[in-house]
Amino acid sequence: MATTPATAPSATASTPTVVTRFAPSPSGHLHVGGARSALFCWAFARQHGGRMIVRIEDTDQKRSSDAASIGFLADLSWLGINWDEGPVHEGTGGGPHGPYFQSERLDIYNRCLQQLIDSGHAYYAFETPEELDTKRKAALAEKRAYRYDRAALLLSADQVAAKLAANMPAVVRFKCPGHAVTIHDQVLGDATIPAEEIDDFVIRKADGFPTYHFAVVVDDEFMQVTHVMRAQEHFTNTAKHMLLQDALGFRRPTYAHMSIICNPDGSKMSKRDKDKALRAAVKAKSTAQPQALSAAPIGPDGHPAVAQADWDRWLADKNVQLDFGSAARLAAALGVVLPEINVDDFRRSGYLPEVLCNFIALNGWSPGNDIEKFDNAFLAQHLRLERIQKTAAKFDRVKLLSFNTDAITGMPRESFIARARAHGEQFHAEFMRALPSGAFDRLAAASHERSKTLEDMFAGNAWAVASDDSPSITPDAKTIDKVLRKADPATGLSGLAHLENIAALLRSVPADQWTPEGLEPIITAYANEKAGWQMGKVAQPLRVALTGGTISPPIFDTLCTLPRERTLARLARVIEAAAGAAATAAAAGPTATA
RNA sequence: GGCCCCGUCGUCUAGCCUGGUCUAGGACACCUCCCUUUCACGGAGGUAACACGGGUUCGACUCCCGUCGGGGUCACCA
């Protein structure tokens, strides 16, 4: 380096600061593939003490670009991915290389564009999209790859000027130099794209906006990006970007293309997968009853799951996507489970952000040495571009769930309670309102070790916030028969008999002794004496009476979640109902009880 | 279809660059058993892969070629 001329930029610190960038198109939600790209960009920048930029690629005017369209910034924050430059969000963002919305950088693109035109590297073309489409289809029919025929190059300068003066719609195309391009990629290695594969692509659309290829190259240069890390779907595009860099006299950033994340069936994971699942279910239903298509199925609230207008539009066009609420209601009405695709879906489902990051990173990278559990700091420390997986990974939700379970059961109790409460406040306001804070903490503590997600705490404990006469906590006939009516051959006692005995015992327990610790000796003693030391014979009837089902936290906690009076009331209600049913059955004749 | 990339248990992956220590390791899932007041957790054990065919070599999961398979890309989308 001693021989470096004085004019070269900073000789000793010849390694420029690492700058990565996450450059999504505007969207309300971040999907897992994007999340991984962002995570790796973040980790690499942090590892090298560099900067990470978030840039919004909103050069497609057909897509909305209002504030809601960058809702994914909240997802990024939730995952713990912060950026040094980019849109301002919760205290981060801004920076000296803005604006960070491409739609606000038109003058920069136009300057570069003019440079390209002046130097003969780009030219105007006047074909309409329809004309091009026809030619493309013809080529396809002949099983030939379509390439732009450079017809516009035959136009004289005067002709071009005249068309432009007449305000004829025009695009600008890049004039490819006609040589093959070799991409050097940190994960994929070298790949050479033949010259014939790259035609004179459009760099500015008729509406004056740059195309993606052009904007990316210009922005990466002006924002001093050193490492381009993105999904493999962009790999072949890189050749175009390199040609553009050469023509513009730009640096060449380092490239690293990571594998795609797929569904279990091998198809590319996509935001449309939810609608796909819904369409499949609707189709199955309409095959059985064709009239089902005329309106959306009735949702859980008794109203059509989807508004008629939306329903019609959705049915008519496979590209139309349902909004979150409609999709969720329709899924409930059809009894299908929507696949989680977006980061926010996983958040709602009760996954921990650190687990999602860990798992996403593991789909496509591993540190070796059989290590698979790690946090973002570890990733930032150990990520090596060369170790990024070349092959596409199928996203295994079952394994994700297992990771989440481990993280939840492994955290301190207080942490779980706090996290569960935060999740509840965000997604289960009614649940939180129905349960006093102290009761919530006790229930959460009792539910900790059996929660695989934060959501389980709420889905599994709905009985705790139901009213005491709610149908949702009324045991069904099968359960009553099995748990309450059937007599234990060993003792001759039915569940109902135990229930009645326990209820009597419990009624004599004073309020200040109404705690899991206070109740346990009483019930244990009873079980030992009357149920042949089998707690299950006593616990299950109690559980059924209190929750309507056979699954709940440990029985003493379940007993103490509700106030004493309400617990007693639930017991009485079921005893009465079961006893009444038994009496009716007995009156109906001996066959009914056999 | 052209071009580019990829190919280890069902899945995520270790090993491959620097051939022998690989009778291929871990994790999730699955199966069996144990524990247990439900559900879950936990504990012990087990089934399970180098896509195929040629080379090179004393020796190939590891290097080379071909076949097959998968993915990506060929837009005035990004």
Side-chain angles (χ1 to χ4, degrees), chain A residues 23-26 57-60 62-63 102 125 127-129 132-133 136 139-140 142-147 169-173 183 185 188-189 191-194 196-199 201-207 209-213 215-216 230-239 257 259-260 262 264 266-268 359 362-373 386 389-403 405-406 409 447-452 456 460 483 523-524 527 531 534-540 542-544 547 549-556 558:
Chain A
S25 49
E57 312 235 316
D58 57 349
T59 56
D60 185 356
K62 287 191 283 291
R63 299 192 193 188
Q102 290 185 329
E127 290 86 353
T128 64
L132 294 172
D133 207 43
R136 224 184 322 266
L140 196 71
E142 293 170 41
K143 292 211 166 217
R144 213 181 65 227
Y146 171 77
R147 296 285 113 89
V171 300
V172 177
R173 286 180 181 271
I183 304 168
D185 189 274
L188 259 16
T192 300
I193 312 294
E196 319 80 73
E197 288 302 313
I198 315 166
D199 74 351
F201 55 97
V202 172
I203 56 179
R204 188 177 72 173
K205 311 179 219 177
D207 65 5
F209 275 58
T211 59
Y212 158 75
H213 301 299
V216 158
R230 55 178 25 161
Q232 265 175 36
E233 61 201 72
H234 293 295
F235 186 63
T236 322
N237 290 334
T238 307
H257 287 91
S259 60
I260 308 250
C262 298
S267 63
K268 187 171 156 187
F359 192 70
L362 197 62
N363 269 255
W365 176 81
S366 99
N369 298 117
D370 292 333
I371 296 171
E372 57 175 12
K373 300 277 182 71
E386 305 78 33
Q389 201 70 23
K390 294 176 178 173
T391 44
K394 295 186 180 109
F395 195 81
D396 184 356
R397 288 190 181 75
V398 179
K399 183 158 178 172
L400 202 217
L401 218 213
S402 167
F403 273 37
T405 306
D406 289 350
T409 54
S447 303
H448 181 191
E449 59 183 345
R450 77 208 69 251
S451 291
K452 297 183 169 195
D456 282 352
V483 180
I523 294 174
T524 305
Q534 292 199 82
M535 178 58 81
K537 295 283 185 251
V538 178
Q540 283 308 79
L542 280 169
R543 212 179 313 265
V544 164
T547 72
T550 55
I551 302 169
S552 84
I555 196 61
F556 307 114
T558 301

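Here is the naming used below: chain letters follow the sequence lines, and residue numbers restart at 1 for every chain.
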Compare the minimum distances between each of B:U37, B:C4, B:C39 and the side chain of A:I555, then state the nucleotide with the smallest one. B:U37
Give the nucleotide from the list B:U38, B:A78, B:G72 with an atom nearest to the side chain of A:I260. B:G72
By ring pair (Phe, Tyr, Trp, His ring centres under 6.0 Å), which residues pair with A:F403, not counting sequence neighbours?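 With sequence neighbours excluded, A:F403 shows a ring pair (Phe, Tyr, Trp, His ring centres under 6.0 Å) to A:F359, given in chain and number order.
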All ring pair (Phe, Tyr, Trp, His ring centres under 6.0 Å) counterparts of A:H213, not counting sequence neighbours: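 By the ring pair (Phe, Tyr, Trp, His ring centres under 6.0 Å) rule, A:H213 matches A:F201, A:H241.
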To the nearest 0.5 angstrom, please state how far the [atom1] atom of [X] sits from the [atom2] atom of [Y].
| X | Y | atom1 | atom2 | answer |
| --- | --- | --- | --- | --- |
| A:L362 | A:I371 | CG | CD1 | 11.0 Å |
| A:T405 | A:K399 | OG1 | NZ | 13.0 Å |
| A:F556 | A:T524 | CZ | OG1 | 4.0 Å |
| A:Q232 | A:L188 | CD | CG | 5.0 Å |

Now, which nucleotide makes the Watson-Crick or G-U wobble pair with [N], with each of the two distances under 3.5 Å?
| N | answer |
| --- | --- |
| B:G59 | none |
| B:G1 | B:C74 |
| B:G42 | B:C34 |
| B:G69 | B:C6 |
| B:A14 | none |

Atom pairs, protein N/O to nucleotides 17-27 of chain B N/O, distance under 3.5 Å:
residue	atom	partner	partner atom	Å
B:G25	N2	A:D370	OD1	2.9
B:A27	O4'	A:E372	OE2	3.1
B:A27	O2'	A:E372	OE2	2.3
B:A27	N3	A:K399	NZ	2.9

Protein-nucleotides 64-69 of chain B N/O pairs under 3.5 Å:
none

Would you indicate what [X] reaches in the nucleic acid, counting non-hydrogen atoms under 4.0 angstrom: base, sugar-phosphate, or nothing?
| X | answer |
| --- | --- |
| A:F556 | base |
| A:P169 | nothing |
| A:P129 | base |
| A:G364 | sugar-phosphate |
| A:S25 | sugar-phosphate |
| A:P553 | base |
| A:A206 | base |
| A:K452 | sugar-phosphate |
| A:T128 | base |
| A:V398 | sugar-phosphate |
| A:N237 | base |
| A:R136 | sugar-phosphate |
| A:L362 | sugar-phosphate |
| A:E127 | base |

Rounded interatomic separation in angstrom, taking [atom1] from [X] and [atom2] from [N]:
| X | N | atom1 | atom2 | value |
| --- | --- | --- | --- | --- |
| A:I523 | B:U37 | CD1 | P | 14 Å |
| A:E233 | B:C77 | CD | C1' | 11 Å |
| A:Q389 | B:C5 | CD | P | 17 Å |
| A:Y146 | B:C3 | OH | C1' | 17 Å |
| A:L140 | B:A75 | CG | C1' | 13 Å |
| A:R230 | B:G72 | CZ | P | 17 Å |
| A:F235 | B:C74 | CZ | P | 14 Å |
| A:D406 | B:C28 | CG | C1' | 10 Å |

Looking at side-chain heavy atoms only, is the closest gap between A:T550 and A:R543 below 4.5 Å? no
For a quick check, tell me whether the side chain of A:R450 and the base of B:C41 share a donor-acceptor pair closer than 3.5 Å. no
N/O donor-acceptor pair, side chain A:E197 with base B:G2, under 3.5 angstrom: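 Result: at least one qualifying N/O pair found.
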For A:Q232 and for A:S366, locate the closest nucleotide of RNA chain B by heavy-atom distance; then report the residue assigned to the nucleotide nearer the 5' terminus.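 The 5'-side residue here is A:S366.
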5'-most by nearest nucleotide on RNA chain B - A:K537 or A:N363: A:N363
Starting at the 5' end of nucleotides 31-36 of chain B, put B wherever the base has a protein heavy atom under 4.0 Å, S where only the sugar-phosphate does, and a dash everywhere else. ------
Checking A:D406 now: which residues fulfil salt bridge (Lys or Arg N to Asp or Glu O under 4.0 Å) with it, not counting sequence neighbours? A:K373
Should A:T59 be listed as having a side-chain N or O under 4.0 Å from OP1 or OP2 of B:A78? yes
Does a side-chain N or O from A:K205 land closer than 4.0 Å to OP1 or OP2 of B:A78, or not?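 Checking A:K205 against B:A78: at least one side-chain N or O falls below 4.0 Å of OP1 or OP2.
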